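Presented below is the structure to which this report refers.
Chain naming here is simple, since letters A, B, ... match the order of the sequence lines and numbering starts at 1 in each. Values in this document were obtained by computation on a predicted structure and should not be read as measured data. Hydrogens, waters and symmetry mates play no part in the numbers below; they use all other heavy atoms, side chains included.
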Amino acid sequence: MSNTWRTIGLDLDPVEGLFFRDGRPFGEASRARSVLPSPQTIAGAVRTYLFDQLGFDFARLQSDIQKLATLEEAVAVQGDQFASVLSARIAGPWFTLQGEPLLRVPANLFLTRGEEGLPFRLDPLRLRLPGWEALADGMVPLWHRSRLDGERAKGYLTMAGMKTFLAGGLPKGDTFVAPEDLYGFDQRVGVRISPLSMTTEEGFLYAVSLLVLKPGVGMYAEVSADETLLKFFHGGTFALALGGEGKRVVASSRKPFSWPSVETGSGAGNLILLTTPAWFGGWRPGGLELTAAAIAGSVPVSGWDLARGGPRPTRFMVDAGSVYFLKSGTLPSRELCVAEDARNGYGNFLVGRWNHA
Amino acid sequence: MPESNWRNLLITFLHDPPNKALDIRGHESRARRFVSAVLGVETGTGELRTPSGVEDILASLFERLPAPRVRPQGMYAVHPDTQGRLQICHPLAGTPRLIETAGISDEEILQVIRDLIAGVSTEKEKFFILWSFLPQALAKRCQTFEHLPADTRVPDHSIWQHLDMATALRGALAEQGGACLLTLTIGPVQQFIDSARTLRDLWSGSAILSWLSFRAMLPIIEAIGPQAILTPALRYSLPYRIWLSQQAGGLPEGFRDQAEAERQALPMLSLPNRFLALVPYGKDGSTAVSLAGECRASVLQAWRSLGQDVRQEIRRALGPDTEGWDRLWDAQIDNCFDVKTTVFPWSGLSEELVAELSGSETFAECQLAGHAARSLEEAMPQEERPSKRASAYGMFQAWVELTMKMAAARKQMGHVPPCAADGLVAQKCTMMGTWEQMGPAVMAESAAFWERFAEVVRIGPARLRSRERLCAVALAKRFAVPCHLQKQLALGRRVSVFPDIASVAAASWIRKAGLAEEAGSDSWNGQWLHWRTRDQDPDETPPAAETWSRLSAARRNHGAPPAYYAVLVLDGDRMGAWLRGDRTISIGEAYNPLIRDYFAKMPKGKEALTRPKPLGPSTLAAASEALSGFASFIVPRIVAAHDGTLIYAGGDDVLALLPMRSAIVCAHALRLAFSGDPAGNDGAPDGYYRIGDRDLLVMGPRASLSAGIAIVHVKEDLRVAIAAARQACKMAKDTGRDALSLAVQKRSGEHANVLLTWPSIQLFEHWMMVFEQDASDRWVYVLRRELETIAALGADAFSTELVRLLNRAEPPTPKLFREESPVPLDEAWRAWLEMWSSRLKGTRIQETVKRAAEQFVLALLSASFVVRGGDGR
């Protein structure tokens, strides 16, 4: 190992419709619709690629894992270089538009109802609201001092919008990108073939909706690893197989994206915006003093536990786009999540600042 | 609450006689007579001398607009005219209406009151009975009683709405700390309801939520009375009536049969997942906070108790050898729902705070409606001004608005279940896809467990199908009715024989074929409708020989049963704006013409009269009453009349499954009923809907709703079908609202979305009739092939080609289109284009023509598919 830890960016360009299943087991629906790719999907694809490049023996893993206690041990037994694949940190995926990453709209940004859809922003209220019961530690309501009525903005924000947001400002309307401008779904219909007769089976039509990105839209991920691993990404393009269906994307390395950062300390306090989901065992990250929070929702995350040969328990993560308004002067440590989650792309965040409503 | 408080509530509820508007001068002594009859005391008793107190004044101030003092000789007073008619106005539309006041006498009112409370001993029971049944009991004698105004000069709200608010205030002012608005919301809703594999799951999910909503209200109802719930309207809601029937004394004579009939039918519990209540704040908020806590606990306890009943029944059915199958039960059930509450005290409200929280310099700047009402009062000569303070105008609206905003702020803290299971777990639930299945974690053992489960766990009609493996939440949904709700609500047999989707798709066909009795039996299986042989599926019980024979005969006589059905989703437009007071009627519309003319003559009066009326409790109550009546009485009737199965009707929010042929007509009927359009309100005045001899208040002509219909195959996953209908409804809203979006999802994978404005539904219906009479649709397919080229040439070119292709179509197609359509096809196209032009303002004309033409062609093809595509293909 070189002991040179570095980060590279990866552009991911699908060559076909993508398919990522939700938690339901196979075979239960006559129609299945792809969900969006999760961080662990990308992390899995990248690790599989690296293992392949290093000549990892997957067949042996199956037997080793029965004998050894953990996946880490079962991998390490084939060599240190393989263990380093597990310790690589993979972040993303984020959609890109014309090569620039987009992030989920912060949960405290709203759009007025109706066709105009003017954006407005909720921030912690300085005034005391009669009757308000803080859920924890004197947390205050998020407010916009107007009579505007709206609903939480859905979709994504461009980097220009994100810079404004992180600086405590209100992004312009044209920095919001609707999901339907990024992707759609292709319907595919099939019929079950009897393995005995090789003819179609009556009544067994099934349909899948594949995730298809619009022109100019791609995905972006980052890999932080030892230089000896990163060399496998240099020079040209390579294919990655995403998800259980192994749908192909063309990956190419690039200089890592320069995420927006703002000077902290000014304004009423700092905020953190989750750019990927994070597991806190509830809505609240530990060790942070909060003034307010806007939670974008929860997302169930599971996966397959190779070591135990079964599904992992469901964990409900706080979704990307959630915003935590920190008490004046405080800042989070680098990691919000436990190490394994962080290596799999969860708990990424950006820091910004907020002002009172 | 001490008994004396129930006595106070009784006094307040009767402080104005129901027929006050007919003779205002003697109303106080009449009120005393009614109160004394109820309390069994002499009319001269001290507490009855001034039955109205601060709550009456507050209720009036919250509600009414300035009006000149009544002068000697009755100047500025409004009475019934010489023919005994009184003008009222629709509370949500402002349309005037004359009502006949030739009603019943005080003696008869007294008799109705005495009949209702006969045999009732406590004042608490008397209050519940009178509050719940007096309006309806009087309306049974004389319809007018339902609509009599509280104030003849501002006749936009009924006497009942005033009495309700005064009583609610009396309850809320019973303690120190003043009144307080309390909100409660249960979530997440949509995911809980929509995760369903069968119609039973779907109905059960929505019924559970309505049931939990009612359980949430119960601590307030029991502590301070049902009048405290401001929205939704509780008086006619089924869960409330059922609960009331289970209390000591039960329902009064004359209402028992109706309640029983409602229970025996497929009951629509129809309560939304949130409520707004007026409660006492107590010292430093202690009472309100404690009540909010009790309401939250009540929901969670009711849900746990439901889950526990299901778990016990399953345990019993599985027997003693299946220990540990429910290891994750409590964690999943306890983390399913999130209940959020807020409280906002009246005492904390000031004009300065309202202005600050709204980002305005002054109260007048942010509460224009309240300001307009104040300016009217200030314009009046001093001696004619009302004695009560003008400063209350607009404050109720501000209070509600800030309370709603506080509830929205509370919702920012979304629900993130904290739990994660320990140790080995099974795969995910096949219904929900999130939580783990119950049963063993090891796959082989799990398969055996679920096989046995499907075989032995059959509770009433509820069971699992092969390959279904469910989590605790999904099991609770599946078995909630037979294990818990049926007992709790004393429901009849109807909920046991829930139709399957194939039977819903073929409901009209089944009726026409005379198979309704078979289809309503416990043993019926809708899959038989599409079987080719009697023993087609070895996993399913075959039909009895006689049933199979009748089915076969019906197929010969009526063709194959439809294999497509429709999911209908309705959602009122801008309902939040109604409840925030942004869509209230104008001040001028609220006044009787006499008072309107009085103000119109004043400088600036005319302008102020055009301003919206500040939101008062009655507007809130009227909107709640309209939505509750629509959901509880109107929607079930209309959906049933179109052979549909109603899943949920909570205010403006409706989910129903229907045969596809009747779905569009049904949606149109619901749209007309929603606003009480005379074209579809069974002969009631504009803004009302007639059922029997009752004219129910509905939202009126200013309200609109959008609908989404997904037409899907019976074998389609129900969750996908519902999602498609919701998406279609969203599309209707995104494309200008007040329209129906139709999503046709053919099993071949071809999907089409068509936007229909409500006026164009009639045209669509005619097209369906034309295609039913064997008109060809081949020419439409030709038009679709040419679409891109022709539409690019402009609207006239499309019109010419449309007519040319139709005229060349095989007979009798051209003739049918000419004779059966309400307008020639080219004229229909023009109107269609106009509609699209108005909805796509700012779009280039070429784009508009292209979009409109594409939609026109899709509409024709969809009409053809709806009448033909379902014939078993």
>> Is A/Leu127 close to chain B through its backbone or its side chain, or both, or neither, when contacts mean heavy atoms under 4.5 Å?
In response: side chain
>> Taking salt bridge (Lys or Arg N to Asp or Glu O under 4.0 Å) as the definition, give me every residue that meets it alongside B/Asp734, ordered by chain and number, with sequence neighbours left out.
In response: B/Lys730
> Can you tell if the side chain of A/Arg145 reaches within under 4.5 Å of the side chain of B/Glu356, non-hydrogen atoms only?
Replying inline: yes
>> Can you list everything that forms a salt bridge (Lys or Arg N to Asp or Glu O under 4.0 Å) with B/Arg465? Sequence neighbours excluded, please.
In response: none
>> For A/Trp283, which atoms come within 4.5 Å of any heavy atom of chain B: side chain, backbone, both, or neither?
In response: both
> If you count heavy-atom pairs under 4.5 Å with chain B, which of A/Asp305, A/Val299, A/Leu135, A/Leu125 comes out on top?
Replying inline: A/Leu135
>> Need one label for B/Ala288: side chain, backbone, both or neither, based on atoms under 4.5 Å from any heavy atom in chain A.
In response: neither
> If you count heavy-atom pairs under 4.5 Å with chain A, which of B/Arg410, B/Met406, B/Glu401, B/Glu436 comes out on top?
Replying inline: B/Arg410
>> For B/Met432, which atoms come within 4.5 Å of any heavy atom of chain A: side chain, backbone, both, or neither?
In response: backbone
> With a 4.0 Å cut-off, would you call B/Asp582 and A/Arg147 a salt bridge?
Replying inline: yes
> Going by heavy atoms in the side chains, are A/Phe280 and B/Val416 under 4.5 Å from each other?
Replying inline: no
> Considering only heavy atoms from C-beta outward, does the side chain of A/Pro130 approach that of B/Leu353 to under 4.5 Å?
Replying inline: yes
> Tell me, side chain or backbone of B/Thr434 under 4.5 Å from chain A's heavy atoms, or both, or neither?
Replying inline: both
> Is there a donor-acceptor contact under 3.5 Å from the side chain of B/Trp435 to the main chain of A/Thr314?
Replying inline: no
>> Among A/Pro141, A/Gly282, A/Gly297, A/Ala294, which residue has the highest count of heavy-atom pairs closer than 4.5 Å to chain B?
In response: A/Gly282
>> Is there a side-chain contact between B/His415 and A/Ser298 in this structure, where contact means two heavy atoms from C-beta onward sitting under 4.5 Å apart?
In response: no
